[in-house]
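Scroll down for the structure; my scribbles are underneath it.
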Amino acid sequence: MANCLEDHGYEAWAVGGAVRDHLLGLERGDWDLATNARPDQVMELFSRTVPLGMEHGTVGVLDPDGTLFEVTTFRRDVETDGRHAVVEFADSIDEDLARRDFTINAIAWRERTGELRDPWNGRADLAAGILRAVGDAAARFAEDYLRVFRGLRFAGAYDLTFDPPTREALEAAVSGLDRLSAERVREELVKVLAAPTPSAALRLYRDSGALGVWYPELERHANDAGWDEALATIDELNARDGLLRLCRLLLVIPTEQHDESSEDPGESAAAGLLARLKFSKADQRRVLHLYSHFLPFVSPVDSSADLREWLSSIGPGTERDLFRMHFAAARAAGAEDELNALVFVWRRVHEERLSGAPIERGDLVVNGTDILDLGIEPGPLVRLLLEELHARVLEDPELNTREVLLQQARELIEMAGLEGPASDPEAE
């Protein structure tokens, strides 16, 4: 791709995070290019392109394997408002690098010539473990307040120390974070949670004051004993499942806490936070389901019936995620005995799930139609009867036969003083 641009007389520079990570010895697949070719010229050169942001000069180019690379025309900022920038195309890579946020991101490499362009000494800052803004730090943050969150993420992910002027400007810019869109703030959090050790950046969220602007529900508990426990557990969870990490972070909020600002007084603070950041409805449901079922948890002394009841209460497919969270907590605490106990319980739970025992209510051999056939009028009583039958079957799976359950249903109807047929309608 770079060679194609160069062969047609254009410059092609690898820029941004790919260059930074390569200098750190880290693998990264998303190499983006900056070029003096204009967007329409890029689209003429390549057969498979996607106009990702033509007004900002960005064209997506698909390679033969279908991988999408971003090719962006050199730019310079004309006007900024803290959220968005009005840009115009520039003619040199140095102009493009001058508009970037931090020196470690203002490095470019040109494959054709082998030149590494580093006008802001980003390599030296990387080697020294320093995060420094490009040029005037206060101006950089005022151009886009998302750079506050980006700075906290970079410092945490790469174990960097802010140089004093950058740190001072970042903390002063925290007050402008409320001008950002929820979507951009959410995506920064998602990136933090995808890092190998999110705890470092999340501590910086707290220490900088940024946590209180967008995450007041968390900020209220960021100095509680459970905060450090939660962060240590998050680091132990698999980075590929950010929603589990997110759930564990939200668990620093007591489950009984409610959001007084919500129109619905019953909405939990955790639910309010997820909605405010505009997570998808599916993601909200998954996280809140795990949040509400994290405790109470099963234990080695629970009976088989207890385990089946717990499985029924959490719903199918949930136990693995809950065990992952509890395993991570035990690893974070270095609790070997607890880990062994969890392994023992997990095996028992897994065996119950595989046993074919009627764990879900839908596993009953009778249904609502069968109850109605006993002479019960449609209504909530049908559901109550099925719930009672299900509870009995959880206690003793051997009861899950049609004959036994219909007989027990008749007895329950009789005990309740309701009218029902005198005999089994199937026997008539």
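Remember, it's a predicted structure, so these values are computed and weren't measured experimentally. For this chain, numbers begin at 1 and follow the sequence in order.
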N-O pairing of R153 and E188 below 4.0 Å: yes
Pair R110 + E115: basic N to acidic O under 4.0 Å: no
Under a 4.5 Å cut-off applied to non-hydrogen side-chain atoms, are V174 and Y145 in contact? no
Please walk me through it: do F297 and W310 pass ring-ring contact (aromatic ring centres under 6.0 Å, His included)? CA-CA 8 Å; F297 198 57; W310 179 75; 5.4 Å; yes
Can a side-chain donor-acceptor contact be found between E11 and W13 if the only test is distance below 3.5 angstrom? yes
Decide yes or no for W227 and R206: does some side-chain heavy atom of the first lie under 4.5 Å from some side-chain heavy atom of the second? yes
Close side-chain approach of F74 to F89, heavy-atom, < 4.5 Å: no
N-O pairing of R100 and D96 below 4.0 Å: yes
Should E360 and R353 count as an ion pair when the cut-off is N to O under 4.0 Å? yes
If the threshold is 4.0 Å, N to carboxylate O, is there a salt bridge linking D144 and R150? no
Lys/Arg-Asp/Glu bridge criterion (N-O < 4.0 Å) met for R248, E229: yes
Salt bridge or not for R347 and E351, using N-O below 4.0 Å? no
Under a 4.0 Å threshold between the charged nitrogen and the carboxylate oxygen, would D235 count as salt-bridged to R245? no
Are any of the side-chain heavy atoms of L237 and F327 separated by less than 4.5 Å? no
salt_bridge(R140, D101) N-O dist < 4.0 Å: no
Tell me the closest heavy-atom pair linking I104 and G122, and the distance in Å. CG2-O, 4.0 Å
Min side-chain heavy-atom separation L131-T161 under 4.5 Å: no
Does D7 pair with R112 as a salt bridge, N-O distance under 4.0 Å? yes
For the residue pair V185 and L277, establish whether any side-chain heavy-atom pair is separated by less than 4.5 Å. yes
Are there over 12 heavy-atom neighbours, none belonging to H293, within less than 6.0 Å of that residue's NE2? yes
Would R308 and D396 pass as an ion pair if we require N to O under 4.0 Å? no
Could E171 and R167 be called an ion pair, given the rule that one side-chain N must be under 4.0 Å from one carboxylate O? yes
R383 with E387: basic N within carboxylate O range, under 4.0 Å: yes
How about D306 and V298: do any of their side-chain heavy atoms sit closer than 4.5 Å? no
Are the side chains of L273 and W214 in contact, using a 4.5 Å heavy-atom criterion? no
Taking 4.0 angstrom as the limit, do R75 and E95 come out as a salt bridge? no
Around E395, counting heavy atoms of other residues, nucleotides and ligands shown, do more than 12 lie under 6.0 Å from its CD? no
Quick one: do E319 and R324 make a salt bridge, cutoff under 4.0 Å? no
For atom CD of E309, decide whether the heavy atoms of other residues, nucleotides or ligands shown that lie under 6.0 angstrom number more than 12. no
